[in-house]
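The sequence lines fix the lettering, A, B, ..., with proteins before strands; numbering per chain opens at 1.
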Number of protein chains: 2
Amino acid sequence: MTTASKPRTAARAAAKIPMRDFSQSLPMSLLRTRESVMRHFRPSLRAHDLTEQQWRILRALAASGEIEVTELARVAFLLGPSLSRILRDLEGRKLIERRLLKADLRRSIVSITSKGLKLIEAVAPTSEAIYAEMTKRFGARKLSDLQALLHELEAALLAMPAADGAEDDDAGE
Amino acid sequence: MTTASKPRTAARAAAKIPMRDFSQSLPMSLLRTRESVMRHFRPSLRAHDLTEQQWRILRALAASGEIEVTELARVAFLLGPSLSRILRDLEGRKLIERRLLKADLRRSIVSITSKGLKLIEAVAPTSEAIYAEMTKRFGARKLSDLQALLHELEAALLAMPAADGAEDDDAGE
DNA sequence: CGCAACAACTTAACATGTTAATCGGTTTTC
DNA sequence: GAAAACCGATTAACATGTTAAGTTGTTGCG
């Protein structure tokens, strides 16, 4: 039995609910692991007055050149409202620029400025060094195995239908 | 060619910075995968007026019986300020209780109420069913492989010294 | 004892996550 | 071609993430 470690406290409040050990749940594992990664990058970003999300946007813009807001949200994995706020801030700091698309005035095109590019060039070496150290410590092979499993899981779950909140054993509605 | 789609815009702004493809970075992979998992759990939690973090706290309390705030922050993986706010809310909803520790009035002990337990019992079956479906689709073996790699990476990174934001090629201070 | 150092929260302040509502702009439909 | 339906982006409102500062209680030391 690998899953038999029971709560060791006296209360045992939820004895009737033998859920998997909480700290072993997949969302918690992913969260903890991601935090253990980001913990190493944050100091460097912070030294350049960048949050993790701002950095994601600048990286995405540097790779894409010009890009529409919706597409930027997709590649930087941010929701629209967050992106709106961050773009407003980055534009104020002259790290990015925006222009309206003449063909459709609802859309706007975002691009990185030369000042933004310089910032990336200042941060990237440290980031790359940290990433290299991580790869060295964990092992390049295991890292790519992990990446592959993450991708496979993501694909499997995207194919899984999303259950809404309705319960069929409860007539309350 | 599966990974060869290069930026198709004219700008190619960051040609000089050949960083790994942004969307393949480890933090992004972990974030996307975690979101693909949580996407399936959120509707059920939302149907019971619970956020992901509130659910983590209730789960942790159900497993632990009574626990101090600091320890709860550790097992639920929340920072102190977030936990303070959430506990205030959950206490107002009578899902948890708090009492001061007589031996040290700075500390308080948190426990789940019977109302909180009933809520867990209402949500747990759906959560377990979703988790079971995920395991079935992804494969139990691959899931445990993934968990193992996540743990190993976390351990490797905890052992890696945290670099501060200081750069040695810049005397600005 | 009295006070400095420390410890456990808690608050404060600001950035982001998340859902709903809003607001121009565009397309569809009659 | 104007109202309706739709769409991209932003704003609103509230919860959480994150760092710094504050509050109260405890401990160590003279």
Between atom [atom1] in [X] and atom [atom2] in [N], what is the gap in whole Å?
X: B:Arg106; N: D:dG25; atom1: CZ; atom2: P; answer: 10 Å
X: B:Trp55; N: C:dG17; atom1: CH2; atom2: P; answer: 25 Å
X: A:Asp49; N: C:dC14; atom1: CG; atom2: P; answer: 15 Å
X: A:Asp89; N: C:dT16; atom1: CG; atom2: P; answer: 7 Å
X: A:Arg34; N: C:dT16; atom1: CZ; atom2: P; answer: 13 Å
X: B:Met38; N: D:dT16; atom1: CE; atom2: C1'; answer: 13 Å
X: B:Asp104; N: D:dT27; atom1: CG; atom2: C1'; answer: 10 Å
X: A:Leu78; N: C:dG17; atom1: CG; atom2: C1'; answer: 10 Å

Query raised in the report: Starting at the 5' end of DNA chain C and moving along, which residue's nearest nucleotide shows up first, A:Leu105 or B:Pro81?
Result: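 Of the two residues, B:Pro81 wins.
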Query raised in the report: Which sits closer to the 5' end of DNA chain C, A:Lys102 or A:Gln53, going by the nucleotide each is nearest to?
Result: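 Result: A:Gln53.
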Which nucleotide in the set [options] lies at the smallest distance from any side-chain heavy atom of [X]?
X: A:Ser84; options: C:dT18, D:dT11, D:dT18; result: D:dT11
X: B:Arg56; options: C:dT18, D:dG17, C:dA8; result: D:dG17
X: A:Arg98; options: C:dT11, D:dT26, D:dT10; result: D:dT10

**Report entry** Spatial distance of atom CZ (B:Arg107) from atom CZ (B:Arg99) [nearest 0.5 Å]
**Finding:** 13.0 Å
Query raised in the report: What's the spacing between A:Asp89 CG and A:Ser84 OG if we round to 0.5 Å?
Result: 12.5 Å
Query - Any side-chain heavy-atom pair of B:Glu66 and B:Glu97 under 4.5 Å - result: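 Not touching, per the 4.5 Å side-chain cut-off.
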Requested in this report: May I ask you to test the B:Tyr131-B:Leu143 pair for a side-chain heavy-atom distance under 4.5 Å?
Outcome: yes
Query raised in the report: Touch check for A:Gln54, heavy atoms < 4.0 angstrom, all strands: base, sugar-phosphate only, or nothing?
Result: sugar-phosphate
So, is [X] close to the [N] phosphate, meaning a side-chain N or O under 4.0 Å from OP1 or OP2?
X: B:Arg42; N: C:dT18; result: yes
X: B:Thr70; N: C:dA7; result: no
X: B:Ser82; N: D:dT18; result: no

Requested in this report: Look at the side chain of B:Arg85 against the base of D:dG17 and say whether a donor-acceptor pair falls under 3.5 Å; ignore hydrogens and angles.
Outcome: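 Present.
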Report summary line: Between A:Arg46 and B:Ile86, whichever has its closest DNA chain D nucleotide further toward 5' is B:Ile86
Query raised in the report: Do B:Arg42 and B:Glu35 sit within salt-bridge range, that is, some charged N less than 4.0 Å from a carboxylate O?
Result: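 Between B:Glu35 and B:Arg42 there is a salt bridge, with a charged N closer than 4.0 Å to a carboxylate O.
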